[in-house]
There are 2 protein chains.
Amino acid sequence: MSITLTYPCRSSVEVATVLPYRATTDPAELAETAPIMEPRFPDRNDGDDLIELLFFAYRDFVADPDRILAEYGFGRAHHRVLHFVDRYPGLTIAELLDILRITKQSLNRVLKDLIEQGYIAQRTGTNDRRQRLLFCTEAGIRFAEELSRVQMRRVARALVDQPGRGATDDPGEALASAQGFLLAMIEPEERATVRRLMARRTKAA
Amino acid sequence: MSITLTYPCRSSVEVATVLPYRATTDPAELAETAPIMEPRFPDRNDGDDLIELLFFAYRDFVADPDRILAEYGFGRAHHRVLHFVDRYPGLTIAELLDILRITKQSLNRVLKDLIEQGYIAQRTGTNDRRQRLLFCTEAGIRFAEELSRVQMRRVARALVDQPGRGATDDPGEALASAQGFLLAMIEPEERATVRRLMARRTKAA
DNA sequence: GAGATATGTCAATAACACTGACTTATCCGT
DNA sequence: ACGGATAAGTCAGTGTTATTGACATATCTC
């Protein structure tokens with residue numbers, strides 16, 4: 001029942017025919033429910049390892065800025081808002097809500113803090129005057145930069161430090177494969193949105 | 001001042017001589033503070049991209065189990081405890097606290113819920129009777145498995161789905177490089193601990 | 001002008017974390 | 001066997017981040 005197309009050398013991921021989950025009972029829709037190729041881990045430890053590594057990596061990844069934020073009396077939520085507003089100036093509230101996946105009320109609390117303390121400023125939209133476009137102030141840019149620095153350092157080191165990678169290995173490959181993996185971890189329907197967003201970045205090289 | 005050892009083809013990570021940060025002012029210790037090779041992104045967009053991708057990947061990664069947990073009336077904190085106890089039966093409270101990086105009080109709240117509802121059981125340590133060894137009950141194992149399944153699926157797909165990867169590419173390589181990157185993201189002093197922990201896994205292949 | 005949209009705001013609640021202080025049981029070295 | 005250290009449990013209070021539901025305002029679009 002499970003056609004293993006596994007690749008020769010080692011246990012990693014196999015592809016098996018599996019009936020895809022459908023929320024419908026509509027016969028017309030179910031008719032087109034052909035078996036699809038569903039990837040599986042022949043050794044579930046490989047999957048568990050990756051799940052745990054993601055947990056540990058994220059744990060330490062957020063610990064860096066947390067230390068700095070505590071000095072300013074802010075939390076992680078403030079960091080996320082500041083980060084995205086810094087990187088995508090002119091972001092609207094709706095866009096920010098879609099990125100962060102929190103409610104308007106949750107966003108408002110932290111956004112209010114950042115505006116009141118002069119890190120973020122609002123401007124009424126020009127095309128659509130209902131929108132509030134968000135921008136970082138000078139202080140906001142500096143703050144975002146300070147937070148970014150520690151995370152940037154960790155990520156840069158991670159690309160170079162990888163055990164098993166020789167000095168001859170191209171870190172550009174490590175970067176590309178990390179980006180590829182992380183992008184593929186994103187919900188498929190959201191990938192285009194993320195790509196579109198990231199294409200809007202304004203920082204100079 | 002910044003010696004670029006960048007690799008030919010594309011902009012990714014360069015290595016520059018940088019004075020490492022030292023918390024000390026002790027001259028003896030400072031004397032041995034030789035410049036070390038500090039990796040940098042020549043194009044900071046590469047770093048920012050990776051930081052954001054990690055955010056988005058983690059956001060969607062935890063969203064899967066969140067939906068299931070909500071049905072049971074549990075939260076993320078319960079999932080984390082259940083996951084680690086399931087995978088490392090006999091885990092002690094102290095070990096769990098070190099993994100999760102939360103306080104005893106925070107752990108106790110969720111652990112109590114899981115014990116009261118029959119997903120986790122405690123046994124007094126045999127070597128050291130002060131310790132409480134944690135184990136999943138049958139129900140706990142099933143619950144953990146249900147939560148694991150959706151995350152496993154996302155991770156397995158991510159290794160196969162990666163855009164730019166042809167069908168000829170070895171997903172074993174994708175797995176190895178994702179593991180390498182995530183492990184390298186972990187605080188260096190913690191990597192050994194994580195490796196040691198993961199070597200203790202008990203699940204059959 | 002009507003309905004949809006973007007934002008802001010009120011009140012109440014829950015999940016998850018923290019600090020600080022204290023207790024109990026057990027282990028280990030002298 | 002005593003004393004200090006360690007593992008765990010617990011009490012009370014607090015803060016951050018999130019939630020829901022309801023409603024208000026301004027603006028856009030047709």
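Here is the naming used below: chain letters follow the sequence lines, and residue numbers restart at 1 for every chain.
One atom, CD1 of I120(B), and another, P of dG9(D), lie 12 Å apart when rounded to the nearest Å. Between the P atom of dT27(D) and the CZ atom of R123(A) lies a distance of 18 Å, rounded to the nearest Å. If you measure from atom CG of D128(A) to atom C1' of dT7(C), you get 10 Å, rounded to the nearest angstrom. One interatomic measurement links the two molecules: CG of L69(A) to C1' of dA17(C), which rounds to 15 Å at whole-angstrom precision. If you take CG of L82(B) and P of dC16(C), they are 13 Å apart, rounded to a whole angstrom. Between L107(A) atom CG and dT16(D) atom P the separation is 17 Å, expressed in whole Å. Note: CG (L100(B)) to P (dA15(C)) measures 18 Å, nearest angstrom. Computed from coordinates, the D98(A) CG to dT5(C) C1' distance equals 15 Å when rounded to whole Å.
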Evaluate the criterion ring pair (Phe, Tyr, Trp, His ring centres under 6.0 Å) for residue pair F61(A) and Y58(B); output intermediate values, then yes/no. CA-CA 11 Å; F61(A) 172 68; Y58(B) 200 80; 9.3 Å; no
Worked verdict on Y72(B) versus E146(B) for side-chain hydrogen bond (donor to acceptor under 3.5 Å, both in side chains): CA-CA 12 Å; Y72(B) 285 78; E146(B) 182 184 355; 2.7 Å; yes
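Residue contacts for R109(A): at a heavy-atom cut-off of 4.0 Å it reaches a base atom on one of the strands shown. Here Q122(A) lies in heavy-atom contact (under 4.0 Å) with sugar-phosphate atoms only.
Of the side-chain N and O atoms in T103(B), none sit less than 4.0 angstrom from OP1 or OP2 of dA17(C). The shortest distance between the side-chain N/O atoms of N108(A) and the OP1/OP2 oxygens of dT9(C) is below 4.0 Å. When the side-chain nitrogen and oxygen atoms of H78(B) are compared with OP1 and OP2 of dA15(C), none of them lie within a distance under 4.0 Å. Residue R129(A) has a polar side-chain atom (N or O) positioned under 4.0 Å from OP1 or OP2 of dT27(D).
In this structure, R149(A) does not pair ionically with D64(A), as no charged nitrogen and carboxylate oxygen lie closer than 4.0 Å.
Between S106(A) and T92(B), the residue anchored closer to the 5' end of DNA chain D is T92(B), taking for each the nucleotide with the nearest heavy atom. In terms of position along DNA chain D, the nucleotide closest to L111(B) lies nearer the 5' end than the nucleotide closest to the other residue of the pair F74(A) and L111(B). Mapping L133(A) and R101(B) onto DNA chain C via the closest heavy atom, the residue that lands nearer the 5' end is L133(A).
Between dT27(D), dA17(C), dA8(D), one nucleotide has an atom nearer to the side chain of I102(B) than all others, and that is dA17(C). Comparing dA4(C), dA25(C), dA17(C) by their closest approach to the side chain of R130(A) singles out dA4(C).
Side-chain contact check for Y88(B) and E52(A): at least one donor-acceptor pair (N or O, by modelled atom type) lies under 3.5 Å.
Around atom CZ of R101(B), more than 12 heavy atoms belonging to other residues, nucleotides or ligands sit under 6.0 Å away.
At a cut-off of 3.5 angstrom, counting only N and O atoms as typed in the model, there is no donor on one side facing an acceptor on the other between the side-chain of Q105(B) and the base of dG13(D).
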